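A short worksheet on the structure shown next.
As the structure lists them, so they are numbered: ligands from 1, and atoms in each ligand from 1. Being a predicted model, the structure only gives us computed values, none of them experimental. Residue numbers count from 1 along this sequence.
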Amino acid sequence: MATKPSYRLFDITLARRTQVSASLVRFTFTGPEVSQMATYAPDQRVKLFFPEGGGSLDPLFEIAKLEEHDWYGAYRALPDAQRPSARTYTIRALRPEQAEVDVEFVLHGDNGPASRWAMRARPGDRLAMTAPDANAEGPKLGFEWKPPQNVRRILIIADETALPAAAGILETLDDLPLKPRAEALFEVPRSDDVQPLPQVAKLNWLAREAEPDCQHGELLMRALRDIDLHTEIQALGGTPANTTTSATTNDESDDEDGPLWESATLDDSAPFYAWIAAETKVAMELRRYLVNECGLPKKYVTSMGYWRKDKANG
Ligand SMILES: Cc1cc2nc3c(=O)[nH]c(=O)nc-3n(C[C@H](O)[C@H](O)[C@H](O)COP(=O)(O)OP(=O)(O)OC[C@H]3O[C@@H](n4cnc5c(N)ncnc54)[C@H](O)[C@@H]3O)c2cc1C
């Protein structure tokens, strides 16, 4: 018998919206099956579907009613014109006992179906969502935050789209047995996007509005360069790119179309862990800096492109 797929479709209804900060809104959804939803890590990803351009969510609501379903096959089978837009988001919090799930959206404008929906959404609005099924038997999938149990040093680097995940990560840091020294760099649009988050890491908030000409990610790169990482990375055996041996140990030469998603490959004894999520090119450049310039072995870095500047994610 086939194993139950790890993700399923959920029919969800907006219960309330809460302004978290100037650019970020938390949406609390409820629904008949939300008590059967699961989340395994603070960066658990989900897909949300938006009824755009004549596409209706009704076919997805019908699929969601079925106990066993292949949501992806059914979604792909819809005619192009009727297929709703899908975008990836993060479960900020799940309360299965109350059948509630929170997702936080960056309001970046009217230029994409997700942000457009978020700007206008009112309680009672319905969406479809794929998320982990608590009753699935297979492996737990859909997240990258996998800190080694004995890690001593953590870097968390996020722009506003990854802040929901990063905020959740901060809430779990105290669970790590060796209480690692953690540092977080958060780039946000405005100074009133700063949120009260657990002070378990050295938090560095970087608001672009303070420097109107700066590009997305520029403040993250500057702040990363300001941390004296070279010495501690050398202590881990890393070799920066300006030495003769680095090309074979750390070479990281991804080009513009190179990898957007790189997962650390670590066992529990690893001392260092970097988790980066931001605009795709920004995430690539931050990773390149750590690997090429600082000599950090690639295996210590998880780096993810969460969106692409001037390109729809669909
Ligand atoms: C694993 C994962 C988890 C994510 N979690 C979250 C989350 O919890 N909250 C969240 O808000 N986003 C999250 N994102 C990012 C989100 O999927 C993208 O921002 C997505 O492009 C938004 O879709 P859209 O329909 O609004 O815009 P699209 O149709 O994809 O893009 C339209 C235009 O808007 C631009 N654009 C897209 N996002 C932004 C932005 N943030 N700022 C400025 N311009 C933008 C694009 O460059 C494009 O020009 C996540 C992405 C991934 C891969």
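Protein heavy atom nearest atom 50 (C) of ligand 1, with residue, atom name and distance: Thr88 O, 3.2 Å. Distance from atom 9 (N) of ligand 1 to its nearest protein heavy atom, with residue and atom name: Glu104 O, 2.8 Å. Nearest non-hydrogen protein atom to atom 51 (C) of ligand 1 is Tyr306 O, 3.2 Å. Of the protein's non-hydrogen atoms, Asn313 ND2, 3.7 Å is the one closest to atom 20 (C) of ligand 1. Scanning the protein for heavy atoms near atom 28 (P) of ligand 1, the closest one is Arg87 NE, 3.6 Å. Protein heavy atom in closest approach to atom 42 (N) of ligand 1: His108 CB, 3.4 Å. Ranking protein heavy atoms by distance to atom 22 (C) of ligand 1, first place goes to Tyr89 OH, 3.5 Å. Taking atom 31 (O) of ligand 1 as the reference point, the nearest protein heavy-atom neighbour is Ala312 CA, 3.5 Å.
Screening Thr280, Asn313, Asp159 for a side-chain hydrogen bond (donor to acceptor under 3.5 Å, both in side chains) with Trp307, the sole residue that qualifies is Asp159.
Of the listed options Asp110, Ile91, Thr161, Thr161 places a heavy atom closest to atom 7 (C) of ligand 1. Scanning Thr280, Val106, Asn111 for the heavy atom closest to atom 32 (C) of ligand 1 points to Asn111.
Here is the list of ligand 1 atoms found below 4.0 Å of a heavy atom in Ser115: 26 (O). The contact set between ligand 1 and Ala114, taken as ligand atoms under 4.0 Å from a residue heavy atom, comprises 23 (O), 24 (P), 25 (O), 26 (O). Heavy-atom contacts of Pro113 reach the following atoms of ligand 1: 25 (O), 29 (O) (cutoff under 4.0 Å). Each of the atoms 1 (C) of ligand 1 lies under 4.0 Å from some heavy atom of Arg45.
Counting only distance, with no hydrogens or angles, the side chain of Gln19 and the backbone of Ser21 share a donor-acceptor pair below 3.5 Å. Between the side chain of Glu279 and the main chain of Lys309, a donor-acceptor pair closer than 3.5 Å is present. The closest donor-acceptor contact from the side chain of Arg225 to the backbone of Leu220 lies at 3.5 Å or more, if one exists at all. Here the side chain of His69 pairs no donor or acceptor atom with the backbone of Ala64 at under 3.5 angstrom. Side-chain atoms of Thr30 come within 3.5 Å of backbone atoms of Ala99 as a donor-acceptor pair (strictly under, hydrogens ignored).
With a 4.0 Å heavy-atom cut-off, ligand 1 is reached by the backbone of Asp310 but not by any atom from C-beta on. Only the backbone of Lys309 comes within 4.0 Å of ligand 1, counting heavy atoms alone; no side-chain atom from C-beta on gets that close. In Pro164, the part holding a heavy atom less than 4.0 Å from any atom of ligand 1 is the side chain. Contact annotation for Arg308 and ligand 1: only backbone heavy atoms (N, CA, C, O) come within less than 4.0 Å of the ligand. When non-hydrogen atoms are compared, ligand 1 lies under 4.0 Å from neither the backbone nor the side chain of Glu279. Under 4.0 angstrom from ligand 1, there are no non-hydrogen atoms of Arg116. With a heavy-atom cut-off of 4.0 Å, Phe105 touches ligand 1 through its backbone alone.
Ionic pairing of Arg190 and Glu160 is not present here: no N-O contact between side-chain nitrogen and carboxylate oxygen is shorter than 4.0 angstrom. Ion pairing of Lys298 with Glu262 is absent here, as no side-chain N (NZ or NE/NH1/NH2) approaches a carboxylate O to less than 4.0 Å.
Legend: residues meeting salt bridge (Lys or Arg N to Asp or Glu O under 4.0 Å) with Arg116, ordered by chain and number and at least two apart, are Glu52. Checked against ring-ring contact (aromatic ring centres under 6.0 Å, His included), Tyr89 has the following partners two or more places apart in sequence or in another chain: Phe105.
Across every non-hydrogen atom of Trp71 and Arg8, the tightest pair is CD1-CA, 4.4 Å.
At least one heavy atom of Trp261 sits closer than 4.0 Å to an atom of ligand 1.
Here the two rings, on Trp145 and Tyr40, have centers that are 6.0 Å apart or farther. Taking the ring centroids of Phe10 and Phe29, they lie at or beyond the 6.0 Å cut-off.
Ligand 1 has an N or O atom lying under 3.5 Å from an N or O atom of Lys311, backbone or side chain. Any N or O atom pair closer than 3.5 Å counts here, and Trp307 shares no such pair with ligand 1. Among the atoms of Gly305, none of the N or O lies under 3.5 angstrom from an N or O of ligand 1.
Within a 6.0 Å sphere centred on CZ of Arg152, heavy atoms belonging to other residues, nucleotides or ligands number 12 at most.
Residues Met304 and Ile276 fail the side-chain proximity criterion, which asks for heavy atoms closer than 4.5 Å.
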